Amino acid sequence: MSGKPRLTYLNGRGRMESIRWLLAAAGVEFEEVYLETKEQYEKLIKDGFLLFQQVPLVEIDGMKMVQTRAIMSYIAGKYNLHGKDLKERALIDMYVEGISDLMQMILMFPFSPPDAKEKNLESIKERATNRYFPVFEKVLKQHGQDFLVGNKFSWADVQLMEAILAVEEKVPAVLSGFPQLQVFKTKMSNMPTIKKFLQPGSPRKPPPDAHYVETVLKVFKK
């Protein structure tokens, strides 16, 4: 093994994409193993790799880590993206939890029945513009800094950037009423590690398509 973190998931966004974002933002190269069959997934369980019989799985520093939140918390701590003290860490965690609620809606959207897609898209737009993005617009405006916590780049900034781009894919004008978030997005896009991750050919995955949905259902079907 090369010493790089090794990520095991499907060849698509899902719950692994936020982990990819965080590692990339920290400037960490990683390897990926893609699950394509139910048998591969069952072998991981049988071999004891998946503590709770779930992926994402990230092998890092001699550990086989599962549970997205625990993995990201470890990465954020390891690469100094989790605040300078307990209070900053609490704020970062609070913002991350909020963003995760919005991302959960986006995560589930490709699996919506056709007749529910329009309604679910409207829900994503409504939540983003009325509940989540106003919070971060206000935070950035009130303390007048480039980043959400302590004017230092953190896990929360990475999560917010991922969420902004994910919502914009579905609602292109979503930031029209949020000038602070527009500035934030531009600054984040120009950070060297994130700029690299946004280039074609990076480990960033495209929006889920029908093939990805089909693969997910095939690998995880009961």
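Given the structure is predicted, the values throughout are model-derived calculations rather than measurements. If you read the sequence from its start, that first residue is 1, and numbering goes on from there.
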With a sphere of 6.0 Å drawn around [atom1] of [X], does it hold more than 12 non-hydrogen atoms of other residues, nucleotides or ligands?
X      : atom1 : value
Glu118 : CD    : no
Gln53  : CD    : no
Lys117 : NZ    : yes

>> Set out, in order, the CA-CA distance, both residues' side-chain angles and the distance that settles salt bridge (Lys or Arg N to Asp or Glu O under 4.0 Å) for Glu88 and Lys152, then state yes or no.
In response: CA-CA 10 Å; Glu88 284 196 359; Lys152 186 173 181 298; over 6 Å; no

Does a donor on one side chain and an acceptor on the other come within less than 3.5 Å for [X] and [Y]?
X      : Y      : answer
Asp93  : His82  : yes
Gln104 : Arg15  : yes
Tyr95  : Asp157 : no
Glu162 : Ser18  : yes

Flag the pair [X] and [Y] as a salt bridge only when some basic side-chain nitrogen lies within less than 4.0 angstrom of an acidic carboxylate oxygen.
X      : Y      : answer
Lys119 : Glu122 : no
Lys38  : Glu42  : yes
Arg131 : Glu126 : no

> Where do Glu29 and Lys4 land on the salt bridge (Lys or Arg N to Asp or Glu O under 4.0 Å) test, with the steps shown first?
Replying inline: CA-CA 6 Å; Glu29 292 187 356; Lys4 294 177 184 176; 3.3 Å; yes

Name the atoms and distances for all side-chain donor-acceptor pairs under 3.5 Å in residues 163-172, with sequence neighbours left out.
unit_1: Glu168; atom_1: OE1; unit_2: Lys185; atom_2: NZ; d: 2.8
unit_1: Glu168; atom_1: OE2; unit_2: Lys185; atom_2: NZ; d: 3.2
unit_1: Glu169; atom_1: OE1; unit_2: Arg13; atom_2: NH1; d: 2.9
unit_1: Glu169; atom_1: OE2; unit_2: Arg13; atom_2: NH2; d: 2.8

Can you check whether [X] reaches [Y] side chain to side chain, under 4.5 Å on heavy atoms?
X      : Y      : answer
Met63  : Tyr74  : yes
Leu148 : Leu91  : no
Ser100 : Gln159 : yes
Ile19  : Met16  : yes
Ile124 : Phe109 : yes
Tyr212 : Pro207 : no

> Which is it for Glu32 and Lys205 under the salt bridge (Lys or Arg N to Asp or Glu O under 4.0 Å) test, yes or no, and what are the steps along the way?
Replying inline: CA-CA 12 Å; Glu32 297 203 64; Lys205 305 303 178 206; 3.2 Å; yes

> So Phe147 and Phe153, would you call those rings parallel, tilted or perpendicular, with 30° and 60° as cut-offs?
Replying inline: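 Ring orientation, 0 to 90° scale: tilted.
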
>> So which atom in Val28 and which in Tyr79 form the shortest heavy-atom distance, rounded to 0.1 Å?
In response: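 The answer is CG2-CZ, 3.3 Å.
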
> Is there a salt bridge (Lys or Arg N to Asp or Glu O under 4.0 Å) between Lys43 and Glu39 once you walk through the steps?
Replying inline: CA-CA 6 Å; Lys43 187 175 189 309; Glu39 290 69 33; over 6 Å; no

